[in-house]
Protein chains: 2
Amino acid sequence: MTSTDARGRRRPADKFEDRRRELADAALQTLATLGYARTSLREIAQNSDFSHGVLHYYFRDKVELITYCVQRFKTQCVERYDAVATHATAADALARDAGDGLAATLESDALMHRLWYDLRSQSMFEESFRLDVGEIDAGLERMIWRIVTTYAHLSGREPACTSATAYAAFDGLFQQALLRHLAADPEALDDLRAGTRLLLERLV
Amino acid sequence: MTSTDARGRRRPADKFEDRRRELADAALQTLATLGYARTSLREIAQNSDFSHGVLHYYFRDKVELITYCVQRFKTQCVERYDAVATHATAADALARDAGDGLAATLESDALMHRLWYDLRSQSMFEESFRLDVGEIDAGLERMIWRIVTTYAHLSGREPACTSATAYAAFDGLFQQALLRHLAADPEALDDLRAGTRLLLERLV
DNA sequence: GAGGGTCTTGGACAGTCGTCAAGAAAAACC
DNA sequence: GGTTTTTCTTGACGACTGTCCAAGACCCTC
């Protein structure tokens, strides 16, 4: 049902899913630039190759589109953050790489991270987002915990906090850095790097 | 200009400001329950004793109303958080009081805290909010720093991090606890209390 | 109590929103 | 090539938005 035939043509079910992905990407781009509150279906369609009516051919309503976007955003997040998982062999090198990695993705994907915090705030009001948002948060928590446990192992120590506490602290650090970076604070990235090293050292 | 006359009647300038406050409070209540994205001027008016037209008598437009609300919200925040500033005489008692205080305000004012994170996310998209949001953040940072430095003094140590890093970590902790509390996680409050004690101990 | 400024109402306005349906266009099939 | 099916465009709908305004209600002073 999801395979291709002998001539390499996609089967109908695949085409349908491909178009959904294409429209969801246009929606994500619009959401990242305008924010959830100001994003309309017509604006999304204008950022794609299609007219606004086609959105209801591929999605039942706006909620299904946004939900699909959140899920798609999640997979992009996991891919992006897995790249941060380093292969360092020394504790201080790992701490430096982690700080650099977080600062790099904050700078290059600032708009997407901004959207993430916007959608997570929306999930506090709109229950239909909560499941997907919770799964993204869980994935990020695992990513942070991998770094913390690796750092602990490399330095011959044990983590001094739970996985949830470690993620909460790093997420707060990242969010503050993003806020200041978007407000054109030139020290935001350096403070994120320094804060990452300090938190790693203090939490294990 | 802001005083009352001999008979205790308010001067016109005061009446004007009082009505602005009254309408802003109705707006804040609406914002806290619906969120920024779903709050309209008519909805705000319905949560007050007036009709929707009066909003443009006291506020130039929606942006000025919302901005005024954010400023008003800030003063409420400062008042609320100053109550958390404890007068403990021992380090472990201070850590316990701080955790209990944060957990208490999270539980009793959950909707207002939800609104705060919503508005802070909006400030990443809407530049007109940034100044006020930044000032609120700075006030919260001072509140956290007061707790951290007091804790350090009581335990005869020095803070191991900057004020910004400490606030970022505690803010992340609080926001995760709020997310889980709103998602009906029964352990959210206890984890916030435990996390507060752990962060205090580890960051000084 | 009359007059005049302050305050409030409720409706009208031009846009925009999500949604839908009819039909054109394109693609797939025989 | 003609027919059927899938895909897409276009225009319309009712509801809702922020904004504005004419008219009335209110309140204070003389």
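- Residue A:Tyr57 is classed as a base contact, given a heavy-atom separation below 4.0 Å to a base.
- One atom, OH of B:Tyr58, and another, C1' of D:dC20, lie 17 Å apart when rounded to the nearest Å.
- Applying the ring-ring contact (aromatic ring centres under 6.0 Å, His included) test to residues at least two apart or on different chains, none of the pairs has a partner in residues 179-200 of chain A.
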Inset, instruction - Summarise protein proximity over nucleotides 13-24 of chain C in one line of letters, 5' to 3': B for base, S for sugar-phosphate only, - for none, counting protein heavy atoms closer than 4.0 Å. - result: ----BBB-----
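- Residue B:Phe59 is classed as having no contact, given no heavy-atom separation below 4.0 Å to the nucleic acid.
- Rounded to an integer number of Å, the gap from CG of B:Leu55 to P of D:dC21 is 17 Å.
- Whole-Å rounding puts the B:Leu65 CG to D:dG18 C1' distance at 12 Å.
- Judged purely by atom type and a 3.5 angstrom limit, A:Ser48 uses its side chain to pair as donor or acceptor with the backbone of A:Ala45.
- Listed by chain and residue number, A:Asp109 satisfy the salt bridge (Lys or Arg N to Asp or Glu O under 4.0 Å) test with A:Arg80 (two or more places apart in sequence, or in another chain).
- What separates CZ of A:Phe50 from P of C:dA26 is a distance of 13 Å, to the nearest Å.
- Sorted by first then second residue, the side-chain hydrogen bond (donor to acceptor under 3.5 Å, both in side chains) pairs that include residues 28-37 of chain A, not counting sequence neighbours, are A:Thr30-A:Asn47.
- Counting to the nearest Å, the P atom of D:dT7 and the CG atom of A:Asp18 are 12 Å from each other.
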Could you pull out all donor-acceptor pairs under 3.5 Å where a side-chain atom in residues 130-142 of chain B meets a protein atom, sequence neighbours excluded?
residue: B:Arg130; atom: NE; partner: B:Ser123; partner atom: O; Å: 2.9
residue: B:Arg130; atom: NH1; partner: A:Leu182; partner atom: O; Å: 3.2
residue: B:Arg130; atom: NH2; partner: B:Met124; partner atom: O; Å: 3.2
residue: B:Asp132; atom: OD1; partner: B:Gln71; partner atom: NE2; Å: 3.3
residue: B:Glu135; atom: OE1; partner: B:Lys74; partner atom: NZ; Å: 2.6
residue: B:Asp137; atom: OD1; partner: B:Arg120; partner atom: NH1; Å: 3.2
residue: B:Asp137; atom: OD1; partner: B:Tyr167; partner atom: OH; Å: 2.3
residue: B:Glu141; atom: OE2; partner: B:Ser163; partner atom: OG; Å: 2.9
residue: B:Glu141; atom: OE2; partner: B:Ala164; partner atom: N; Å: 3.4

Under 3.5 Å, which donor-acceptor pairs do the side chains of residues 186-201 of chain B form with other protein atoms, sequence neighbours left out?
residue: B:Asp190; atom: OD1; partner: B:Arg193; partner atom: NE; Å: 3.4
residue: B:Asp190; atom: OD1; partner: B:Arg193; partner atom: NH2; Å: 3.2
residue: B:Asp191; atom: OD2; partner: B:Arg180; partner atom: NH1; Å: 3.3
residue: B:Asp191; atom: OD2; partner: B:Arg180; partner atom: NH2; Å: 2.7
residue: B:Thr196; atom: OG1; partner: B:Leu192; partner atom: O; Å: 2.7

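- Taking atom CZ on A:Phe16 and atom P on D:dT5, their separation rounds to 18 Å, with Å as the unit.
- Note: CD (B:Gln46) to P (C:dT9) measures 13 Å, nearest angstrom.
- Taking atom CG of residue A:Asp49 and atom P of nucleotide D:dT7, one finds them 17 Å apart after rounding to whole Å.
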